[in-house]
There are 2 protein chains.
Amino acid sequence: MGKRKENSTNMLNEKSIMECDLTYAVCKVGGRWKLLILCKLENGKLRFSEIRRLIPKITERMLTLQLRELEKDGLVKRTVYAEVPPRVDYELTPIAIELIPIWSKLSDWGARHKKLVK
Amino acid sequence: MGKRKENSTNMLNEKSIMECDLTYAVCKVGGRWKLLILCKLENGKLRFSEIRRLIPKITERMLTLQLRELEKDGLVKRTVYAEVPPRVDYELTPIAIELIPIWSKLSDWGARHKKLVK
DNA sequence: TATGGTACTAACAATTTTGTAAGTAATGGG
DNA sequence: CCCATTACTTACAAAATTGTTAGTACCATA
């Protein structure tokens, strides 16, 4: 989330791995807090501070970083209102909305897997 | 993949985040090479060296680590044959096989997303 | 004039993941 | 005896992610 080295082996490997559409897709939502954030937005727009309240353990820094990446990747849309105190809200983009039915299947799988290991 | 600190904030956050079944599910396949490995196994058993050949940039160390985690998480089954030189093969478990249809949807989404950003 | 609310940013430190390089064991074949 | 093969392990180093702390700007209100 900081800057990455342009030509580290790590970076080069990542690039080549991302040719796999599946790996690519998972990487897009792979940040620590990203799925949690996206889930909160499933029911509509939320302000920065609202998301923060819904995810108690996230810090402002992390929330900002993850939102910025999601925005850069076209998964959330950020809207700034010219007010004081500032108001900014976030919402899912159409391509992110397409993920929802897949998430729900994955989530069911997750629940099944959890039971299995217990 | 090395050992983790038991009570770092990082670790505690991860634990709390994993309560979300979706986040949990994604984490299970979240390692750098995991999905690639699982995909190779979709068509049946493979030996260590075969996987290695199919994923040219992975190192033996990384392949071992990722396979070990997948095994620990019940996604692959490891079979050791008492031969010399050693022979070991890996295959998907039933719960991993349940993921396949979901992967294919996700993979399609990944492909659509890629086009969108280009 | 001081305070408070909102949505951040910057500098730094801790933690975790990933990669590098060099081994290991067992045994069959030359 | 020496080498090749296979599936690893170990010690270490580099890179990436995550977390901590302390700011910032703006204006309305007390």
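Every chain is numbered from 1 and lettered A, B, ... according to where its sequence line falls, protein lines coming before strand lines. Please read these numbers as outputs of a predicted model, since none were measured by experiment.
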Please confirm whether the shortest side-chain N or O distance from [X] to OP1 or OP2 of [N] is below 4.0 Å.
X: A/Asn13; N: C/dG19; value: yes
X: B/Thr9; N: D/dT20; value: yes
X: B/Arg68; N: D/dT9; value: yes
X: B/Gln66; N: C/dT17; value: no
X: B/Thr59; N: C/dT18; value: no
X: A/Ser49; N: C/dT6; value: no
X: B/Arg61; N: C/dT20; value: no

Take the protein atom [atom1] of [X] and the nucleotide atom [atom2] of [N], then report the distance between them rounded to whole Å.
X: B/Arg52; N: C/dG19; atom1: CZ; atom2: C1'; answer: 13 Å
X: A/Leu63; N: C/dT6; atom1: CG; atom2: P; answer: 14 Å
X: B/Ile17; N: D/dT17; atom1: CD1; atom2: C1'; answer: 12 Å
X: A/Leu12; N: D/dA15; atom1: CG; atom2: C1'; answer: 13 Å
X: B/Leu36; N: C/dT18; atom1: CG; atom2: C1'; answer: 15 Å
X: B/Met62; N: C/dT17; atom1: CE; atom2: P; answer: 10 Å
X: A/Ile58; N: D/dT17; atom1: CD1; atom2: C1'; answer: 13 Å

I want to confirm an ordering. Mapping A/Asn10 and A/Lys57 to their closest nucleotides on DNA chain D, which one lands closer to the 5' end? A/Asn10
Is there side-chain contact between [X] and [Y], with at least one heavy-atom pair below 4.5 Å?
X: B/Val26; Y: A/Leu106; result: yes
X: B/Arg87; Y: B/Thr79; result: no
X: A/Glu91; Y: A/Leu41; result: no

Touch check for B/Arg47, heavy atoms < 4.0 angstrom, all strands: base, sugar-phosphate only, or nothing?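 It contacts sugar-phosphate atoms only.
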NA contact type, B/Thr64, heavy-atom cut-off 4.0 Å: base, sugar-phosphate, or nothing?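 Since a base atom lies under 4.0 Å of B/Thr64, the category is base.
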So, the side chain of [X] versus the backbone of [Y]: is there a donor-acceptor pair under 3.5 Å, distance only?
X: B/Arg32; Y: A/Asn10; value: yes
X: B/Lys115; Y: B/Gly110; value: no
X: A/Glu71; Y: A/Lys77; value: no

Of all the choices, C/dT18, D/dG19, C/dT17, which nucleotide is nearest to the side chain of B/Arg4 once you look at every atom? C/dT17
Ignoring the backbone of B/Phe48, work out which of D/dA7, D/dT9, C/dG19 is nearest its side chain. D/dA7
State plainly whether the residues A/Arg4 and A/Glu14 are in salt-bridge range, i.e. N to O under 4.0 Å. yes
Using 4.0 Å as the upper bound for N to carboxylate O, is an ion pair formed by A/Asp73 and A/Lys28?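 Looking at A/Asp73 together with A/Lys28, the answer is yes, because their closest N to O distance falls below 4.0 Å.
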Going by heavy atoms closer than 4.0 Å, what residues in residues 75-88 of chain B are next to DNA chain D?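 Close to the strand are B/Arg78, B/Pro85, B/Pro86, B/Arg87, B/Val88.
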